[in-house]
Amino acid sequence: MLIWPEPELLVSQRSTLSTIVLIAGLLVTLLFALSIYQSQIAHSRAERIAWAQQRVTEAHDFNQAILETAPVGIITYDAISGQCISTNMAAGDIIGATQVQVLQQNFRQISSWQKSGMIAAAENALETGTSQNLEVNITTTFSKEIWIGCFFTPFAIENDPRLLLIFSDITDRIKLEIELREHRDRLEELVQERTTQLSEANLSLQAANAQQKRVEKQLVLANRRLVDAERIAHMGSWEDDIATGESSWSDEFFQICGLEPGSLQPTTEARMQLIHPDDRQAAREAVQNAIEGGTSYAWEERIVRPGGEVRIVLAQAEVLHDEKGQPVRMVGAFLDITERKQAEDEIRRYQAIVQTASDAVVTVDENHNVVLFNPAAEALFGVSTQEAIGAPLSRFLPGRFQDAHGHHLRRFAEMGETTRSMGQRTELIAVKANGDEFPIEANISRVNVSGGRYFTAILRDITERKRAESQIQNYAVSLASSNVELQQFAYVASHDLQEPLRVVTNYLQLLERRYQGQLDEEAEKFISRAVEASTRMKRLINDLLAYSRVTSRGDQFKSIVLAEVLDEVLENLAIAIEENSATITHDPLPEITADVGQMAQLLQNLIGNAIKFHGQQPPEIHIGAQRENGAWHFSVRDNGIGIESEYNERIFGIFQRLHTRREYEGTGIGLAVCKKIVERHGGRIWMESQSGKGTTFHFTIRVGEEHQAYTGIQLQ
């Protein structure tokens with residue numbers, strides 16, 4: 001019995017309606033034709049002709065009964081004139097008309113068709129020769145508005161073009177969808193209201209936090225000023241008696257040298273011993289020259305603290321004389337300039353880096369005028385350093401972005417932090433000297449120097465990267481769409497073919513049993529082959545359905561003991577194992593996070609293949625397991641017939657077979673299912689084999705739950 005789809009099914013699924021009707025008609029015609037053939041043996045020629053005509057009439061009546069009792073509207077139109085040729089009762093019931101009224105219609109003159117776009121779809125089907133699907137709102141003859149799902153397909157009978165319309169009432173489904181959208185809109189309104197309330201509460205909390213941060217920032221700034229004042233005043237003084245060599249040092253002098261005040265007896269020689277050995281002789285000569293010349297001096301030298309730390313100090317001294325003009329004392333001071341010297345070195349290194357950097361570096365002052373422009377910036381913007389220095393930053397930005405960019409810089413300047421990155425890379429649009437606009441990535445920081453604020457931007461042309469990102473995004477969208485369509489097609493094709501195939505198989509098997517021994521040898525062979533083909537088709541459809549369900553119907557991942565799963569698999573294969581005297585061993589198997597049903601299917605497919613493709617010796621199969629780089633590496637090794645290495649990738653494709661069906665049964669989907677299961681578990685599968693020397697299948701499963709199963713679309 002043919003089962004028509006319910007009206008609320010997807011429009012894409014309704015495309016099978018015409019196929020089912022045609023298949024049913026062909027099947028019935030075949031059955032009666034075979035009956036005619038059998039009856040020809042038992043009747044005279046005239047009687048056989050009369051009998052055959054009666055069967056044909058009955059077949060036609062049967063087909064007509066199927067069309068009349070179908071729960072969907074089926075109308076045939078003349079493609080040239082547009083006039084209705086045939087219709088069933090359901091068509092009139094749906095649109096509120098009698099069969100006579102429907103037969104009097106010309107589809108090109110139906111006003112509701114014109115408004116709903118059905119005429120355009122019908123004409124497009126006739127023009128292109130392809131089927132057309134659509135859902136439309138029409139008004140019945142009783143002025144009742146309904147929604148129908150339509151399927152137009154062109155065909156021809158004895159070179160006369162026809163147009164077939166199959167449609168069903170989907171009003172209930174559409175109304176349900178509208179109600180669902182209304183409920184969703186209301187829910188979104190409620191969520192928005194709640195979000196607004198939370199936002200208002202969050203703003204109040206942010207205001208309180210901002211006040212607290214301002215107080216904390218003021219405390220930090222006050223503490224920083226105190227630390228800066230202490231550092232600026234960190235200057236040690238000393239005084240030497242030139243005649244005796246005795247000396248006195250201030251507390252700060254001790255601290256600069258890393259000593260506790262009073263921990264060392266101050267002398268001229270003790271002070272010299274604090275100086276780095278490499279600088280000591282120069283310091284002695286500077287002191288001696290100052291004494292002999294009677295002048296003051298200043299020099300830089302390194303001192304070594306007790307722990308080995310080296311500090312750089314600026315030593316300044318002046319020679320004092322008595323009334324006779326003789327030098328008697330030397331008074332001096334130490335200023336620790338280690339950080340300043342390091343900063344100077346950093347500046348020199350920074351300048352060298354900036355000049356040789358591959359990225360453009362641009363620095364502007366508080367007025368947003370350029371003060372630094374490295375060679376990479378010259379190449380990026382097509383402007384020389386001489387032209388850029390002093391120019392406003394807006395010169396390198398399109399006019400429409402200048403105000404917004406200036407606003408962002410002013411906000412950044414008002415922040416309390418200094419010498420900090422904005423915290424993230426910003427993508428902007430820049431303009432070259434010739435007017436060409438291009439995207440850039442900017443990393444901007446601010447620094448305060450001598451009371452002035454400067455902003456440095458490291459810029460990079462990201463034109464190629466943006467182009468590549470756009471291409472990747474387009475590829476991803478296209479791939480996702482194709483994947484969804486392929487899964488939907490595989491499911492629909494395999495699911496909706498089950499019922500008509502079951503009818504074909506049942507009728508063929510009925511013919512085979514009922515007329516066994518009554519037909520000639522050739523007829524029985526034809527029927528036998530048809531039964532075999534339909535059985536193989538059913539197995540193929542089941543395998544295709546299993547393949548499509550790997551991602552669409554997979555279970556949630558959970559912790560499973562793989563050894564227990566293997567025990568169930570071996571029970572399922574017990575008959576094949578016993579018949580082939582197979583020996584199966586395995587390493588200690590771990591506990592993993594996976595879909596238990598799919599793990600069983602994966603092992604059963606691989607072990608079943610190893611048993612099926614065995615050589616002259618009984619099958620010997622071993623399942624291995626070892627931990628590698630955050631994943632479990634499993635293997636299924638056998639001593640079977642092996643596979644040539646050139647087929648390593650091909651065998652994992654759908655419908656790929658290396659042997660004829662006479663040699664080995666199968667549909668060529670098993671290993672494709674294995675590959676899809678492994679990939680859903682975040683792993684990969686591959687094969688190592690050599691003809692006549694066995695095969696080893698390898699696959700990996702990630703450890704723990706750091707992988708997330710791809711579930712794909714959910715098919716109902």
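Bear in mind the structure is a predicted one, so any value in this text is a computation, not a measurement.
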Asn609 CG to Gln604 CD distance, which is reported to the nearest 0.5 Å: 10.5 Å
Euclidean distance, Leu180 CG relative to Asp185 CG, rounded to 0.5 Å: 11.0 Å
Ring pair (Phe, Tyr, Trp, His ring centres under 6.0 Å) partners for Trp147, two or more places apart: none
Gap between atom OG of Ser168 and atom CD1 of Ile94 - 0.5 Å precision: 6.5 Å
Validation row: Ile429, Ile440 side chains within 4.5 angstrom (heavy atoms): no
Donor-acceptor pair, side chain of Thr463 and main chain of Phe438, under 3.5 angstrom: no
Gln473 CD: over 12 foreign heavy atoms closer than 6.0 Å: no
Side-chain donor/acceptor of Asn106 to backbone N/O of Cys84, under 3.5 Å: no
Residue pair Ala97 / Val102: nearest heavy atoms and the distance that separates them: CB-CG2, 4.1 Å
pair Val569-Gln601: side-chain heavy atoms closer than 4.5 Å: no
Closest contact, heavy atoms only, Ile80 versus Pro161: CG1-CG, 3.8 Å
side-chain contact (heavy atoms from CB on, under 4.5 Å) evaluation trace for Ile138 with Ile95: CA-CA 9 Å; Ile138 65 170; Ile95 64 175; 4.2 Å; yes
Nearest atoms (heavy-atom pairs only) where Ser81 meets Arg108: C-NH1, 3.5 Å
Stepwise side-chain contact (heavy atoms from CB on, under 4.5 Å) check, Leu126 with Asn124: CA-CA 5 Å; Leu126 293 172; Asn124 190 33; over 6 Å; no
Side-chain donor or acceptor of Arg702 paired with backbone N/O of Gly682 under 3.5 Å: yes
Electrostatic pair Arg465:Glu469 at N-O distance under 4.0 angstrom: yes
Interatomic distance, Phe697 atom CZ to Ile607 atom CD1 [nearest 0.5 angstrom]: 12.5 Å
Ile148/Val136 under side-chain contact (heavy atoms from CB on, under 4.5 Å): CA gap, chis, key distance, verdict: CA-CA 6 Å; Ile148 62 173; Val136 297; 3.7 Å; yes
Asn88 CG to Ile75 CD1 distance, which is reported to the nearest 0.5 Å: 7.5 Å
Main-chain N/O of Gln104 paired to Gln83 side chain as donor or acceptor, under 3.5 Å: yes
Pro439 vs Leu428 side-chain heavy atoms within contact, under 4.5 Å: no
Residues Arg173, Glu177: salt bridge by 4.0 Å N-O rule: yes
Centroid-centroid distance, Trp113 to Phe152, less than 6.0 Å: yes
Min side-chain heavy-atom separation Phe167-Ile74 under 4.5 Å: no
Sub-4.5 Å side-chain heavy-atom contact between Ile174 and Ile178: yes
Side-chain (Asn474) to main-chain (Ser470) donor-acceptor, under 3.5 angstrom: yes
Cys150 and Met118, any side-chain heavy atoms less than 4.5 Å apart: yes
Nearest non-hydrogen partners of Gly117 and Leu134, listed with the distance: O-CD1, 4.1 Å
For Gln132 against Ala125, the heavy-atom pair lying closest together: CG-CB, 3.6 Å
Pairs flagged by salt bridge (Lys or Arg N to Asp or Glu O under 4.0 Å) wherever residues 93-103 is involved - sequence neighbours left out: none
Glu127 atom CD, neighbour heavy-atom count above 12 within 6.0 Å: no
Beyond-backbone contact of Val673 with Leu671, side-chain heavy atoms, under 4.5 angstrom: no
Salt bridge present between Arg186 and Glu189 (N-O < 4.0 angstrom): yes
Output field: ring centroids Phe699/His681 closer than 6.0 Å: no
Steps toward side-chain contact (heavy atoms from CB on, under 4.5 Å) verdict (Lys675, Glu679): CA-CA 6 Å; Lys675 183 175 185 290; Glu679 290 176 347; 2.6 Å; yes
Lys175 side chain reached by Thr171 side chain, heavy atoms, under 4.5 Å: yes
Leu163 CG to Thr76 OG1 distance, which is reported to the nearest 0.5 Å: 8.5 Å
